[in-house]
Amino acid sequence: MISISRRTLLKGSAVVGAFGLGAGLAGPLGKAFAAPDPLLLDARFADAMLDGRNVTKGVMAYTSAGSQVEVSPHGYLPPTIRTQRGKPFAARLINRLDEPTTIHWHGIRLPNAMDGVPFLTQPYVYAGDSFDYAFSPPDAGTFWYHPHCNTLTQIGRGMSGMLIVEDPADPVFDGEVVLNLRDFRLGSDGQFIEQFKARDAAKTGTFGTVRTANWQIDPVEDVPAGGLVRVRIAATDVTRIYNLKLDGGEAVVVALDGQPVASPYPLDLTVVSPGQRLDLVMRAPDGEGQMVRLMDLRPSTPKVVATFRAVGTSLNRSLGDIKPLQPNPPFEADIKGATEIPLVLSATAEQASRDSICGTLGYSFWAINKVPWPGDSADPTAPLAELKLGRTYLLNLENLTPHAHPIHLHGTNFKVLASSKGPVAPLISDTYLVLPDEKVQLAVVADNPGDWVFHCHIIEHQKTGMTGYFRIT
Ligand code: C2O
Ligand code: CU
């Protein structure tokens, strides 16, 4: 966790007066302070306790320069960044690692040059260098940020933070909890073990050994008794797909992947796969000290993800009192005039992938339209398709593999139109979990020019071939 010296805090407050509400920063408990513009983000190494027993060396972290950082027993959870819809946001990545990195702002519709993909959208940020990101997010919601270079190692060792875009007109809740869900692959001595096994990369991906929320095993979050609490969840793990439900309490789903749902519905085994987000409104229990548990039921043995503990005297709210979230800009597609793009997800013949400064796993197991991505390179394969600015396209995705793939599109959103697995909700999203043997149709409006990657967010799949890009001109 980050502690702020009083001086920094005062300096920060002065900035609020000078520039209005700039980029804000908050720890997991939501204590916000204003940060100078741009927000300074150090990518760095740290030692931290992740398994509750040992100090893990070589954690990769984001910390905010200008704030004092202590080695906390639950240390180095990347800062939760808060900004506002439509307001300019700026962050300076300062690379204090010993290898190149970049930041991708997952789910944010932004200019291509700010997207953080080495070669396609920006040069690497070498050790000792910095890079300025700036954009005005058009959508409010729960998003996250992470590197797009040597991604399995850098995310795997801790570089994934929450990015919250607020709408000042959103309803006010009695509390808010932010949960960044992920695993770490640690041995029994608490040190990192090899990040992946090739035979697992060719299947579901390699799972971590220590499951955490906010870098802690089953953290306990205090919530106001009888209150309505917004819970913002992101699955930032490189592999794990969650199937979430509450034990001992009630909650409704109010947004998926940053986009408000048409009408809130009860949380009941909701799937959240790598890259995806889930916003809940939970009604906390009335009795002081009563607990509600967030449970993961995938694959089947229930595991506690986090615990909520009611504090204070009951506020006596009801889930029926929830006011709707502010809508994001409407998704306007010309479905009738749309062009279809077939996209087949498959396994590929095993072969070594090209060496890359951003890390290679040394294998290729997966392909999109039979082409395995060769790795980040100055000479990438051709785009999956070239899209004309302003036109609508229908991505006809077909998963020929026996594994689920959370497919993520950069730069714009899609709308889920139809699936071979049955009726679909008309979700707007940036990450869709394509099930084994599923055929799904996603509508995309080519409204943002540039080269936009499209990849599986199981990072071993991404890095062993299941990546491509669209060119919008
Ligand atoms: Cu969250 Cu290309 O990634
Ligand atoms: Cu995949």
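Because the structure is predicted, anything quoted here is derived from the model rather than measured. When a ligand or atom number is given, it counts from 1 through the structure's own listing order.
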(request) Verify the distance test for His148 against atom 2 (Cu) of ligand 1: any N/O/S atom under 2.8 Å, yes or no. (result) yes
(request) Look at the aromatic rings of His405 and Trp366 and report parallel, tilted or perpendicular, splitting at 30° and 60°. (result) perpendicular
(request) Report the C-alpha separation of Thr431 and His106 in whole Å, then their side-chain angles, then the decisive distance to 0.1 Å, and conclude whether the side-chain hydrogen bond (donor to acceptor under 3.5 Å, both in side chains) test is met. (result) CA-CA 10 Å; Thr431 310; His106 184 118; 3.1 Å; yes
(message) Among the N/O/S atoms of His106, which is closest to atom 1 (Cu) of ligand 1? Give the atom name.
(response) ND1
(request) Answer yes or no as to whether an N/O/S atom of His146 is found below 2.8 Å from atom 1 (Cu) of ligand 1. (result) yes
(message) Strictly under 2.8 Å, is the Cu ion (ligand 2) approached by any N, O or S atom of His405?
(response) yes
(message) Does the structure place the NZ or CZ of Arg182 under 6.0 Å from the centre of the six-membered ring of Phe184, at an angle of no more than 45° from the ring's axis?
(response) yes
(message) Under a 4.0 Å threshold between the charged nitrogen and the carboxylate oxygen, would Asp279 count as salt-bridged to Arg232?
(response) yes
(message) Strictly below 4.0 Å, N to O, side chains only: are Asp237 and Arg185 in salt-bridge contact?
(response) no
(message) Quick check on ring pair (Phe, Tyr, Trp, His ring centres under 6.0 Å): which of Tyr76, Tyr145, Phe45 does Tyr62 satisfy it with?
(response) Tyr145
(request) Find, among atoms of His455 that are N, O or S, the one nearest to atom 2 (Cu) of ligand 1, and state its name. (result) NE2
(request) Flag His104 as yes if one of its N/O/S atoms falls below 2.8 Å of atom 1 (Cu) of ligand 1, otherwise no. (result) no
(request) Tell me whether Cys456 has at least one N, O or S atom under 2.8 Å from the Cu ion (ligand 2). (result) yes
(message) Let me check your reading of the structure: within less than 2.8 Å of atom 2 (Cu) of ligand 1, is there an N/O/S atom from His410?
(response) yes
(request) May I ask you to check whether Phe414 and Phe331 place their ring centres under 6.0 Å from each other? (result) no
(request) Using only N, O or S atoms, tell me which atom of His461 is closest to the Cu ion (ligand 2). (result) ND1
